[in-house]
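Notes follow once the structure below has been shown.
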Amino acid sequence: MADNSGNFWGGFLFGAAVGGVVGALVAIKLSEPEDGLIDQPSDLDRLIDKPQTSNEFARRNLEKKIAQLNAAIDSVSQELASAEGKNGSKQISVESLRDMTVDDK
């Protein structure tokens, strides 16, 4: 086993040297900016440039969803009111159901 100790340390030093060179080359390559990436705006830049557009889009979608929910509440409350009216039970008004939901604004 004493014969192989020199080979081990020689291989270890050779591997460390090769790994250091490869690591240095990779670090240099990663630190250099690519020409194509500099000219193109990133997605983050596009979002920063147009915050009002995305906020406006989200607001409009939210308003559409609120309108759909209100329509669904109206139809269900009318069905419940007609079903309870036939049974002689107390009728629930549409306004009372809307008051139970989250405020629109």
Side-chain angles (χ1 to χ4, degrees):
M1 270 201 198
D3 299 344
N4 292 335
S5 65
N7 289 338
F8 172 77
W9 289 111
F12 180 78
L13 292 176
F14 178 74
V18 170
V21 170
V22 170
L25 292 175
V26 169
I28 290 171
K29 180 64 178 171
L30 290 177
S31 66
E32 292 177 357
E34 293 182 21
D35 294 333
L37 295 178
I38 293 173
D39 296 336
Q40 299 173 352
S42 67
D43 292 335
L44 182 60
D45 291 338
R46 286 186 216 133
L47 289 176
I48 291 172
D49 290 342
K50 300 178 184 180
Q52 295 295 346
T53 304
S54 62
N55 289 341
E56 185 71 20
F57 179 73
R59 186 185 62 79
R60 286 182 184 169
N61 281 339
L62 185 60
E63 287 177 351
K64 287 178 186 177
K65 293 294 180 184
I66 289 172
Q68 289 174 349
L69 287 173
N70 285 337
I73 289 171
D74 289 341
S75 66
V76 169
S77 64
Q78 288 173 356
E79 289 176 17
L80 287 175
S82 66
E84 289 180 359
K86 291 178 183 176
N87 294 335
S89 303
K90 183 180 175 184
Q91 292 184 349
I92 299 173
S93 67
V94 174
E95 287 77 21
S96 65
L97 284 176
R98 282 203 177 150
D99 291 339
M100 288 184 222
T101 62
V102 178
D103 292 335
D104 292 344
K105 295 179 183 178

Report task. Return the set of residues passing ring pair (Phe, Tyr, Trp, His ring centres under 6.0 Å) with Phe14 (not counting sequence neighbours), or none when no residue passes. Result -> none
**Report entry** Parallel, tilted or perpendicular: rings of Phe12 and Trp9 (30°, 60°)
**Finding:** perpendicular
Query raised in the report: If you round to the nearest 0.5 Å, how far is CG of Leu69 from CG of Leu62?
Result: 9.5 Å
Query raised in the report: Looking at CZ of Arg59 and CD1 of Ile66, how far apart are the two atoms once the value is rounded to the nearest 0.5 Å?
Result: 10.5 Å
Report task. Using salt bridge (Lys or Arg N to Asp or Glu O under 4.0 Å) as the criterion, list what pairs up with Arg60, not counting sequence neighbours. Result -> Glu56
Query raised in the report: How would you list, by chain and number, every residue that makes a side-chain contact (heavy atoms from CB on, under 4.5 Å) with Val21, sequence neighbours excluded?
Result: Leu25
